[in-house]
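In what follows, a structure is listed as structure tokens, so that the remarks can point back to it.
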Amino acid sequence: MGAAAARASLLLVAVVFAAVAGASSAQLCEKYYDGTCPDVHRIVRRVLKGARQDDPRIFASLTRLHFHDCFVQGCDASILLDNSTSIVSEKFATPNNNSARGYPVVDAIKAALEEACPGVVSCADILAIAAKISVELSGGPRWRMPLGRRDGTTANLTGANNNLPSPRDNLTTLQQKFAAVGLDVTDLVALSGAHTFGRVQCQFVTDRLYNFSGTRRPDPTLDAGYRALLAKSCPRRGGNTSALNDLDPTTPDTFDKNYYANIEVNRGFLQSDQELLSTPGAPTAAIVNRFAISQKAFFKNFARSMVNMGNIQPLTGSQGEIRKSCRMVNGS
């Protein structure tokens with residue numbers, strides 16, 4: 001398939017998806033809980049501030065949970081479901097197993113909300129609100145998140161394995177996965193900016209350090225000085241593949257534009273990060289450059305893209321349920 005045909009195909013997928021998702025997302029409302037659980041944001045914020053005292057990574061982890069939820073059969077909290085007689089949990093999909101985290105904090109938020117307004121706030125909305133407040137408390141933008149999602153009663157392990165963007169995906173694959181859920185290249189670049197905070201395991205960078213694309217050589221787009229620094233933390237032999245590294249070594253716990261500044265000097269940690277700029281003819285390159293220059297532009301687009309992502313196939317109205325426990329469907 002030629003480049004023009006590929007772009008046309010991506011556009012068609014996005015248009016079709018938007019038409020299907022539009023009806024449900026239109027039912028979401030920023031003031032959804034104003035009459036039924038008016039303190040929802042204050043309660044979530046209180047729990048998150050307490051969790052942060054014990055876990056500096058938690059804000060980034062919760063933001064990622066929302067992302068990993070929405071990319072698999074929509075924003076329905078399916079990622080939170082444990083294994084049961086009727087559920088094969090997404091938690092054990094390759095992108096999530098021993099990687100996605102923050103589930104006990106979601107449980108704590110749910111317990112606090114059930115005490116304040118039982119049976120009202122969905123787990124899907126908890127993920128959306130927790131991601132929003134996590135970004136705000138890390139210095140990032142504020143935005144009004146449409147709410148009213150309901151919780152799904154199924155999980156999709158195959159979808160989690162196939163649909164979630166991988167740290168080793170090339171730009172074409174990343175674009176295809178985003179287009180499949182109705183998101184465009186600006187959404188791709190803006191949401192990738194969430195890698196401005198949090199940690200990542202050595203296992204996701206060792207191939208870039210020592211055997212990129214099977215060449216037995218480092219990724220040529222990786223800055224030599226940064227590569228030497230990472231090699232100390234992630235040695236070729238005898239190292240801990242689960243050892244943690246800052247995604248952004250400059251301001252690791254602050255939500256800012258430094259992610260893009262790092263990419264500009266070939267210091268993107270993940271292959272999928274550097275692909276946004278280093279791929280020849282990349283339609284994402286100009287957006288990376290704009291966000292590296294202007295934090296205001298990044299924040300504005302990130303907020304817009306989080307709303308776009310939160311609108312992926314939500315269950316509304318009488319669809320789904322409001323789970324009593326985020327880990328299991330009601331009646332289990």
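- Every residue two or more places apart in sequence or in another chain was checked for a side chain to side chain donor-acceptor pair (under 3.5 Å) with S332, and none qualifies.
- Side-chain atoms of D187 come within 3.5 Å of backbone N or O of D184 as a donor-acceptor pair.
- A side-chain donor-acceptor contact under 3.5 Å links K110 to the backbone of V121.
- Note that CZ of R327 is 10.5 Å distant from CG of L81, once rounded to the nearest 0.5 Å.
- Counting only heavy atoms from C-beta outward, the side chains of I79 and V72 never approach each other to under 4.5 Å.
- Here CG of L247 is found 10.5 Å from CZ of F204. Values are rounded to the nearest 0.5 Å.
- Between L191 and F302 there is a side-chain heavy-atom pair separated by less than 4.5 Å.
- Distance check: T63 OG1 to I58 CD1 gives 9.5 Å after rounding to the nearest 0.5 Å.
- Y226 and N262 share no side-chain donor-acceptor pair at under 3.5 Å.
- Counting heavy atoms from C-beta on, the side chains of R199 and P252 come closer than 4.5 Å.
- Side chains of V265 and D223 form no contact here, defined as non-hydrogen atoms less than 4.5 Å apart.
- D125 places a side-chain N or O within 3.5 Å of a backbone atom of R149 that can act as its donor or acceptor partner.
- Within the 3.5 Å criterion, the main-chain N or O of R323 finds a donor-acceptor partner in the side chain of D151.
- D246 and R57 are not joined by a salt bridge, as no carboxylate oxygen comes within less than 4.0 angstrom of a charged side-chain nitrogen.
- Ring pair F255/F298 is parallel by interplanar angle, where below 30° counts as parallel and above 60° as perpendicular.
- When the side chain to side chain donor-acceptor pair (under 3.5 Å) test is applied to S78, the partners found at least two apart in sequence or on another chain are D76, E90.
- For the atom pair D219 CG and R227 CZ, the distance stands at 9.0 Å (nearest 0.5 Å).
- Counting only N and O atoms by type, the side chains of T173 and N170 include a donor and acceptor under 3.5 Å apart.
- Side chain of R150 to main chain of G317: a donor-acceptor pair is present (N/O by atom type, distance under 3.5 Å, no hydrogens or angles).
- The OG atom of S192 sits 11.0 Å away from the CD atom of E275 when rounded to the nearest 0.5 Å.
- From K232, atom NZ reaches atom CG of L230 across 11.0 Å, with rounding to the nearest 0.5 Å.
- K324 places no side-chain N or O within donor-acceptor distance of the main-chain N or O of G119, the cut-off being under 3.5 Å.
- Each of D82, N96, N83 was evaluated against K91; a single residue qualifies, D82, per the side chain to side chain donor-acceptor pair (under 3.5 Å) test.
- Note: Y259 and F197 fail the aromatic proximity criterion, with ring centroids not under 6.0 Å apart.
- In N98, the CG atom is not crowded: 12 or fewer heavy atoms of neighbouring residues, nucleotides or ligands sit closer than 6.0 Å.
- Side-chain atoms of S61 and R101 include a donor-acceptor pair closer than 3.5 Å.
- E321 contributes no side-chain N or O that, together with a main-chain N or O of G152, makes up a donor-acceptor pair within less than 3.5 Å.
- Of the N and O atoms on the side chains of T196 and D256, at least one donor lies less than 3.5 Å from an acceptor on the other residue.
- Nearest heavy atom pair, residue A131 against residue L62, reads CB-O, 4.2 Å.
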